[in-house]
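Read the numbers this way: they start at 1 and go in the same order the structure lists the ligands and their atoms.
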Amino acid sequence: MKFNTKLENIKTYETGKPIELVVREFGINPKDIIKLASNENPFGCSQKVKDAVVDIVSKMSLYPDDSMTKLKDALSKRFGVKDENIIIGSGSDQIIEFAIHAKASSSSKILINSVTFAMYEIYAKHVGARIIRTASQHHDLDEFYKLYQEQKPEIIFLCTPNNPTGDAIDAGELFDFIAKIDTETLVIIDGAYMEYAIGKDVAKKVDPKELIEKFDNVLYLGTFSKVYGLGGMRVGYGISNSKIIKELYKLRPPFNITTLSLEAASVALNDEEFVNKCIISNFEEMKRYEEFAKEKKIDIIESHTNFVTLCLNSTYNSSQIAQELLEKGMIIRDLSSYGMNAIRVTIGKKEQNNRFFELLSEIIQS
Ligand SMILES: *Cc1c(COP(=O)(O)O)cnc(C)c1O
């Protein structure tokens with residue numbers, strides 16, 4: 001059977017290996033498996049969220065409130081924007097999909113960082129758009145600008161902090177960059193880890209309200225999958241000019257967010273105490289990763305997120321190290337598919353991190 005030729009060059013997105021799979025493949029007791037592969041919050045989500053979801057579980061038989069008023073109100077209060085500036089997606093992934101489908105076609109170009117979130121390229125291929133990459137690994141805005149002038153892309157993605165490297169762009173520099181871009185080009189700021197970045201350095205804080213007040217061609221993305229600990233609920237949001245939001249809405253399937261997910265996200269947004277505790281623990285534990293890397297003479301990229309990227313020297317092979325860790329029940333991310341001899345490790349709870357230090361030490365000593 002023949003399929004849409006646009007699908008021919010698409011590699012299926014590789015998610016972090018689920019624990020269930022490791023149990024089956026290696027016969028390891030699920031209790032002994034630690035997953036530090038998908039940048040999930042090791043503390044899970046707020047207890048208030050769990051209680052709220054249990055309270056409304058009987059509403060499962062009804063279709064969700066498709067106006068999503070409760071969550072939109074919570075977001076508009078948080079960010080000081082109007083409901084008409086917000087769209088909710090099944091993860092911010094879905095909003096990336098909407099945005100690319102809304103703006104790009106087979107004659108389009110999409111400019112991204114050399115190493116960045118893999119879904120930009122996958123959705124670009126859906127519409128047959130061409131991906132243009134920088135050479136620099138860390139968002140070099142001068143290089144972005146040069147490529148923008150040469151290539152005239154329809155969309156520019158800036159992932160700050162970036163996944164899988166963890167580096168973040170200074171907000172001032174980001175605003176100066178966008179000011180130089182023509183208003184026909186859509187600039188997408190992916191802030192999946194923004195809460196962490198702000199916790200580390202306010203100079204990295206990109207404020208969606210300020211963005212959309214200054215620029216009509218910017219879409220800001222946020223998610224509940226990372227610091228809010230709701231990866232399994234699939235909720236993300238986009239904030240933009242109301243005209244852009246209207247276009248994205250044309251691509252949205254009805255009821256794209258479940259009743260339980262809408263409730264969970266609304267409550268999660270209001271438990272700031274939980275989020276702040278998680279961020280504090282994250283950076284305390286990150287220091288231990290930095291010390292560990294220093295001691296073992298492994299390069300670590302300065303991170304503004306809940307993960308660290310360890311760049312290995314040529315004595316080691318990241319795929320092999322990831323595999324050996326996996327066989328010992330530790331799931332992390334090999335970055336060889338990004339062209340890096342590196343591994344990405346989500347910062348877990350103290351005991352989980354201890355176990356990682358122990359296992360990696362064992363492996364590199366043998
Ligand atoms: C995790 C992540 C997302 C989106 O995750 P969803 O679960 O789809 O909301 C988007 N961008 C980056 C860079 C991410 O790391």
* **Residue pair N353 / Y289, side-chain donor-acceptor N/O under 3.5 Å** => yes
* Report yes or no: does S38 contribute a side-chain atom to a donor-acceptor pair with the main-chain N or O of E40 at less than 3.5 Å? => no
* Within a reach of under 6.0 Å around NZ of K296, are more than 12 heavy atoms found that belong to other residues, nucleotides or ligands? -> yes
Contacts under 3.5 angstrom, residues 3-12 side chains, donor-acceptor by atom type, not counting sequence neighbours:
unit_1	atom_1	unit_2	atom_2	d
N4	OD1	K6	N	2.9

* **Carboxylate-amine/guanidinium contact E184 K152, below 4.0 Å** => no
Quick check for students: name every N or O atom pair between ligand 1 and the protein closer than 3.5 Å, with distances.
unit_1	atom_1	unit_2	atom_2	d
ligand 1	7 (O)	S225	OG	2.5
ligand 1	7 (O)	R234	NH1	2.7
ligand 1	7 (O)	R234	NH2	3.2
ligand 1	8 (O)	S92	N	3.3
ligand 1	8 (O)	D93	N	3.2
ligand 1	8 (O)	D93	OD2	3.1
ligand 1	8 (O)	R234	NH2	2.8
ligand 1	9 (O)	S92	N	2.7
ligand 1	9 (O)	S92	OG	3.4
ligand 1	9 (O)	T223	OG1	2.5
ligand 1	9 (O)	S225	OG	3.4
ligand 1	11 (N)	D190	OD1	3.3
ligand 1	11 (N)	D190	OD2	2.6
ligand 1	15 (O)	N163	ND2	2.8
ligand 1	15 (O)	Y193	OH	2.7
ligand 1	15 (O)	K226	NZ	2.8

* To do: Please say whether more than 12 non-hydrogen atoms of neighbouring residues, nucleotides or ligands are located less than 6.0 Å from NZ in K350.
  => no
